[in-house]
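Worksheet: one structure, shown below.
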Amino acid sequence: MSGAIDTAPVHAAPGDSSHARPAWALSAPALMLFAGVLVIPLVMTVMLSFHDWGQYKGIEPVFILKNWHEIATDPYYAEMFWRTFRIALLTTLIAALFGAPEAYILNRMSGRWKSLFLLLILGPLLISVVARTLGWALLFGGNNGLMNKLLMSLGLIGSPLRFMFTETGMVVALVHVMMPFMVMSVWAALQRVDPQIENAALSLGASPLTIIRRIVLPQIMPGVLSGAIIVFSLSASAFATPAIIGGRRLKVAATLAYDEFLNTLDWPLGAAVAVLLLVALVLIVVGSNALIERRYAEVFR
Amino acid sequence: MPFLELDRLGKQFGAQTVVDEFSLAVAKGEFISFLGPSGCGKTTTLQMIAGFLDPSCGAIRLEGRELTAVQPAKRGLGIVFQSYALFPHMTAAENVSFGLEMRRVPRAERVERVRSALTMVGLAGYEDRYPKRMSGGQQQRVALARALVIRPSVLLLDEPLSNLDAKLREEMQIELRQIQRNLGTTTVLVTHDQNEAMSLSDRIVVMSQGRIEQIGTPQETYERPASAFVARFLGRTNDFAAAIDRTVAPPRLVAGSWSAPAPAGIAGPVTITVRPERIGFADAGLAARIVTRIFQGDHWLFQCVSECGTVIVIRQNDGQPQPVEGDAVHLAWRVEDMSLRGAGAAA
Ligand SMILES: Nc1ncnc2c1ncn2[C@@H]1O[C@H](COP(=O)(O)OP(=O)(O)OP(=O)(O)O)[C@@H](O)[C@H]1O
Ligand SMILES: [Mg+2]
């Protein structure tokens, strides 16, 4: 019995390797490009994070844990990372809260309206993130922001709404930027739902609310969650929006790494921040992805 | 008073009339089929009964009660969809249980009813399977159990068997019929498969372009089709142009070299319609030559060329010697096996 089990892979092996060789050969160009533009710079960044740096001596290619030690002990970095993930999490939650119903309503619209509103939602993707974020800054930025001026002249608010250099501002602007990704992800999940399924539930006596809660939501949940993963990782590593709204005062991981590289010129410290952000994101994304796949195995197939 | 009554039901999509003047009375416990080609409005009619579509005009009554004003969720009908529309995130048992939960059936009774419904459709032991891990036939049974477990007053089936292969479909037809007989649930089946309609139904509603062509038992619609459309749609037919010969007394009905005493009340030229299995080879009759002969196990199919055009003849494979290709034969049929239609037809 055990002999039979043992020999089976041996029989299979020659066939496998004869298939594997051309497969490797064919993917070699892509693999080389992948290594050239992604793996090598990444490895160099990781190595850089262990180098030394001084105001006058510049970068010294030695192996020390100075940068990592600084990040681990200085509460400034802990606060900054918490802020980064807090903003990303809030952005994700709000995007899911608005994006999922948006996609559902969109999916129920008929023909012409559907394509019009789909264009309205996806259209902003064609405009640069910088332009979109500057738009928010123009509306709410300080005393001269258009909205602030209007609201104050109407007497609705006494002092201008604080938007620039606040986490609220960053979250609002990020939600705006990230919304299309959430809508698209939920939309894709909705396309796989049988259009008759709501009628089936209706005929069994379910109320509209029950149908959404017990029939529709469980089926689009994988879409919401994969959209959440995209939005979370994009928001946590976002640069343009936090840079414009948060500026120097309210730094997140990406803007801090940028400043270390280009302003302080402390490349090793910037590398350490970037590597930490990357590792944390990879862990979070891979972890939640595995969780989702296990939880929703029957819906995913 | 009929159990389910459709009264001059109509549906328009924009300018297009999809269902027109649809009137039908269904008795309690009856099995009715809507039969017609694709796009003739079968699904639309069924969806109006279910309440997913609002009729443009007309009324639907269940036990004399107006149904059009009742919410679909409150109609208490059981529906099996063409795509089954099972809830993919629920097991077979959870799918079947859903309708009972909505009706606030106590838990113990729910479990018992789900179990017996799944047993009835032959799925005992599949309670914890997800629909994705079931075959088409099994999914179809879950859908049937889900619709029946709420003890619906009417069961609506929209081409429930069309996704199954021929053998499984036949098995499911027999099973469906047995279940329906045992429970006595009034059933409306939508299908475009005439064999399915004939083997399952008490009565068939033959539809064409949103209109009812004929309502009758399977035998009636097959043997006394009300229109050429019904005759052609329910199995194969042969049409012969015939005329009345008044030079002889009594007058005779003549098609080529075939003739018979003319029925009373016939005036001008008519079309004779005869089923292929009702035509036999005889010593006298319509002269023809056999072009192809196809063996189909329990019967032979002959294609003949006659004076009146191509004729199809089906003969039982009863062991008797049969003519071969190229043979000259005479085709004959009994007067009561043909139906007449045309300008001069009285009926
Ligand atoms: N929502 C709609 N808007 C416009 N026309 C429709 C709509 N639904 C159906 N129709 C039209 O109504 C006609 C009948 O459709 P229906 O679905 O009732 O046909 P059917 O008899 O069920 O056909 P099949 O056997 O293909 O399912 C078709 O011509 C179809 O194009
Ligand atoms: Mg249909």
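Naming convention: chains lettered A, B, ... in sequence-line order (proteins, then strands); numbering from 1 in each chain. Bear in mind that the values here come from a model prediction, so they are computed numbers and not experimental data.
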key: chain A contact via B:Q47 - side chain, backbone, both or neither, heavy atoms under 4.5 Å   = side chain
query = Does A:D194 reach the side chain of B:Y84, with side-chain heavy atoms less than 4.5 Å apart?
reply = no
ask   = Taking all atoms of both residues into account, what is the closest heavy-atom pair of B:P88 and A:I197, and its distance?
value = CD-CD1, 3.7 Å
Distance, nearest 0.5 Å, that separates OG1 of A:T210 from CZ of B:F98 = 6.5 Å
task = Using a cut-off of 6.0 Å, state whether more than 12 heavy atoms not belonging to B:Q209 lie near its atom CD.
result = no
request  = Report the distance from atom CG of B:L53 to atom CG of A:N199, rounding to the nearest 0.5 Å.
outcome  = 8.5 Å
request  = Could you pull out the closest heavy-atom pair between A:A200 and B:R146, with the gap in Å?
outcome  = CB-NH2, 3.5 Å
message = Taking side chain as everything from C-beta outward and backbone as N, CA, C, O, which of these in B:E101 sits under 4.5 Å from a heavy atom of chain A? Side chain, backbone, both or neither.
response = side chain
query = So, B:R103 side chain and A:L204 main chain: donor-acceptor pair closer than 3.5 Å or not?
reply = yes
note = Whatever's closer than 4.5 Å to a heavy atom in chain A on B:L86 counts as backbone
request  = Count the heavy atoms of every other residue, nucleotide or ligand shown that sit under 6.0 Å from NZ of B:K74, and state whether that count exceeds 12.
outcome  = no
query = Which bit of B:F81 comes within less than 4.5 Å of chain A, counting heavy atoms only: side chain, backbone, both or neither?
reply = side chain
task = State the CG-CZ distance between A:L202 and B:F52, to the nearest 0.5 angstrom.
result = 5.5 Å
ask   = Should the heavy atoms of other residues, nucleotides or ligands under 6.0 Å from CD of A:Q191 be counted, would the total exceed 12?
value = yes
inquiry  = Are the side chains of A:R214 and B:M90 in contact, using a 4.5 Å heavy-atom criterion?
reply    = yes
Exceeds 12 heavy-atom contacts within 6.0 angstrom, atom CZ of A:R86 = yes
ask   = Is B:Y126 atom OH crowded by more than 12 heavy atoms from other residues, nucleotides or ligands, each under 6.0 Å away?
value = no
Sidechain-backbone polar pair: B:H89 side chain, A:V216 backbone, donor-acceptor under 3.5 Å = no
inquiry  = Tell me whether the count of non-hydrogen atoms from other residues, nucleotides or ligands lying under 6.0 Å of CG in A:L209 goes above 12.
reply    = no
key: CZ (A:F98) with more than 12 external heavy atoms under 6.0 Å   = no
note = Residues B:I150 and A:S203: closest non-hydrogen pair is CD1-O, 4.3 Å
query = Does a sphere of radius 6.0 Å around CZ in A:F239 hold more than 12 heavy atoms from other residues, nucleotides or ligands, not counting ones at 6.0 Å or beyond?
reply = yes
